*Asks:* 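The following block contains the structure, expressed as structure tokens.
If you read the sequence from its start, that first residue is 1, and numbering goes on from there. Everything quoted here is computed from the prediction, not taken from an experiment.
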Amino acid sequence: RKEYFEAKAGPEIKKLKEQNAALQKKLIQFDEMKRENEALRSQFEIESRAQEDLTPARVVGSRGALDAPHTLIIDKGKQDGIKNGATVVVGNNLVGVIGNVGEQYSEVKLVNNPEFTTIGLTNEKKSRGIVKGVDDFIILDRVVITDAVKNKDLVISRGDVKTDGTGVKPDLIIGKITDVNKNESDPFQTARIDSQLKFGDLTYVFIFN
């Protein structure tokens, strides 16, 4: 009798399992769309960047430490018009620049990547230095020793845009100074910068076209 009922109910159970699997897939897609919409809304609520042409991209991989990666992999590439060297942001915070570009995926070299450099300004744009990545943090190098640089100073990008529009855009937040290395006998001083972003937690980023 048990075998009889199992044979009769088999097709119905299979159908229910298929319907359940389809429903779960739709729920996953809905959750993903919800997260993307929240990221888009948060990005474009920032008035200073609201008029910019930005392409949203999902983070699908990373390189480096899990909590402090130096490279992200995103789901946008040449077919989406992504260019090597394009600026990548979240809000008004500089994430990094596009590195290698494939047809469907690209690399983002984060500001803490040893291959990343740009010009940074601090102390209400009075002090200038070279921003460099050092894997798990960032440094502001070659700052003139007489410049007043202190902890909690905000460092922003000066701008390093090329004629094709790629390169680091100006007035983006790189991070805050958390330590200053200064020796009066040296002509320059350096400072450690910590980004306000947790790169390992990023799920969406935005690329300047």
*Asks:* In Å and rounded to the nearest 0.5 Å, what is the CD to NZ distance from Gln104 to Lys78?
*Replies:* 12.0 Å
*Asks:* Is the backbone N or O of Val168 less than 3.5 Å from a side-chain atom of Thr118, with the two atoms forming a donor-acceptor pair by type?
*Replies:* no
*Asks:* Kindly determine whether Val97 and Phe116 satisfy side-chain contact (heavy atoms from CB on, under 4.5 Å), including the steps that lead there.
*Replies:* CA-CA 8 Å; Val97 294; Phe116 178 89; 4.0 Å; yes
*Asks:* Is it the case that Asn113 and Thr71 place a side-chain donor and acceptor less than 3.5 Å from each other?
*Replies:* yes
*Asks:* Show your reasoning for whether side-chain contact (heavy atoms from CB on, under 4.5 Å) applies to Glu184 and Ile145.
*Replies:* CA-CA 7 Å; Glu184 297 297 340; Ile145 195 70; 4.1 Å; yes
*Asks:* Search all heavy atoms of Thr166 against all heavy atoms of Ala86 and return the closest pair with its distance.
*Replies:* CB-N, 4.1 Å
*Asks:* Side-chain heavy atoms nearer than 4.5 Å, only ILVMFWY residues, links allowed to pass through others: does that put Ile156 and Leu140 together?
*Replies:* no
*Asks:* Taking C-beta and beyond as the side chain, do Val131 and Val111 meet within less than 4.5 Å on heavy atoms?
*Replies:* no
*Asks:* Got a sec, which residues hit side-chain contact (heavy atoms from CB on, under 4.5 Å) with Asn151, two or more places apart in sequence or on another chain?
*Replies:* Ile177, Val180
*Asks:* For the CZ atom of Arg158 and the CG atom of Leu172, what is their distance to the nearest 0.5 Å?
*Replies:* 13.5 Å
*Asks:* Is there a path of hydrophobic side-chain contacts, each under 4.5 Å between heavy atoms of I/L/V/M/F/W/Y residues, joining Val95 to Val101?
*Replies:* yes
*Asks:* Give me the atom names and distance for the closest heavy-atom approach of Val143 to Gly129.
*Replies:* CG2-CA, 4.0 Å
*Asks:* Less than 4.5 Å apart, any side-chain heavy atom of Leu72 and any of Leu202?
*Replies:* yes
*Asks:* Is there a side-chain contact between Val60 and Tyr105, using heavy atoms and a 4.5 Å cut-off?
*Replies:* yes
*Asks:* So, for Lys109 and Gly99, which heavy atoms are closest and what is the spacing to 0.1 Å?
*Replies:* CE-CA, 4.2 Å
*Asks:* Nearest 0.5 Å please: distance from the NZ atom of Lys152 over to the OG1 atom of Thr122.
*Replies:* 14.0 Å
*Asks:* Could you tell me whether the side chain of Ile82 reaches within less than 4.5 Å of the side chain of Ile207, counting heavy atoms only?
*Replies:* yes
*Asks:* When you measure from the side chain of Ser195 to the backbone N and O of Leu197, does any donor-acceptor pair fall under 3.5 Å?
*Replies:* yes
*Asks:* Using side-chain heavy atoms (C-beta onward) and a distance below 4.5 Å, is Thr55 in contact with Phe206?
*Replies:* no
*Asks:* Give me the atom names and distance for the closest heavy-atom approach of Ser106 to Gly77.
*Replies:* OG-CA, 3.5 Å
*Asks:* Tell me, with the steps shown, if Phe137 and Asn112 meet side-chain contact (heavy atoms from CB on, under 4.5 Å).
*Replies:* CA-CA 5 Å; Phe137 64 96; Asn112 62 321; 6.0 Å; no
*Asks:* Do Asp186 side-chain atoms and Phe188 backbone N/O form a donor-acceptor pair below 3.5 Å?
*Replies:* no
*Asks:* To the closest 0.5 Å, what do you measure between NE2 (His70) and CZ (Arg63)?
*Replies:* 8.0 Å
*Asks:* Kindly indicate whether the side chain of Ile193, heavy atoms from C-beta on, has any atom under 4.5 Å from the side chain of Val155.
*Replies:* yes
*Asks:* So, does Asp153 use its side chain to make a donor-acceptor pair with the main chain of Lys150 at under 3.5 Å?
*Replies:* yes
*Asks:* So Ile173 and Leu94, do their side chains get closer than 4.5 Å, heavy atoms only?
*Replies:* no
*Asks:* Kindly give the heavy-atom pair with the smallest separation between Thr117 and Lys132, and that separation in Å.
*Replies:* CG2-CG, 4.0 Å
*Asks:* Could you tell me whether the side chain of Ser62 and the main chain of Pro69 form a donor-acceptor pair under 3.5 Å?
*Replies:* no
*Asks:* Should side-chain heavy atoms under 4.5 Å link Ile, Leu, Val, Met, Phe, Trp and Tyr, which residues sit in the same cluster as Ile119?
*Replies:* Ile130
*Asks:* Would Ile139 and Thr190 count as a side-chain contact (heavy atoms from CB on, under 4.5 Å) here? Give the steps.
*Replies:* CA-CA 7 Å; Ile139 63 168; Thr190 61; 5.5 Å; no
*Asks:* Would you say Ile174 ends up clustered with Val89 if hydrophobic residues are merged whenever their side chains have heavy atoms under 4.5 Å apart, either directly or through other cluster members?
*Replies:* yes
*Asks:* Checking Thr87 side chain against Lys169 main chain: does a donor-acceptor pair fall under 3.5 Å?
*Replies:* yes
*Asks:* For the residue pair Lys126 and Asp147, what are the closest heavy atoms and their distance?
*Replies:* O-OD2, 4.1 Å
*Asks:* Quick one, Glu107 and Ile73 - any side-chain contact, counting heavy atoms below 4.5 Å?
*Replies:* yes
*Asks:* Taking the six-membered ring of Tyr204 (Phe, Tyr or Trp), confirm whether the NZ or CZ of Arg58 is under 6.0 Å from its centre and within 45° of its axis.
*Replies:* no
*Asks:* Say whether, by atom type as modelled, one donor and one acceptor occur between the side chain of Asn183 and the main chain of Ser185 under 3.5 angstrom.
*Replies:* yes
*Asks:* Are the charged groups of Arg192 and Asp194 less than 4.0 angstrom apart, N to O?
*Replies:* yes
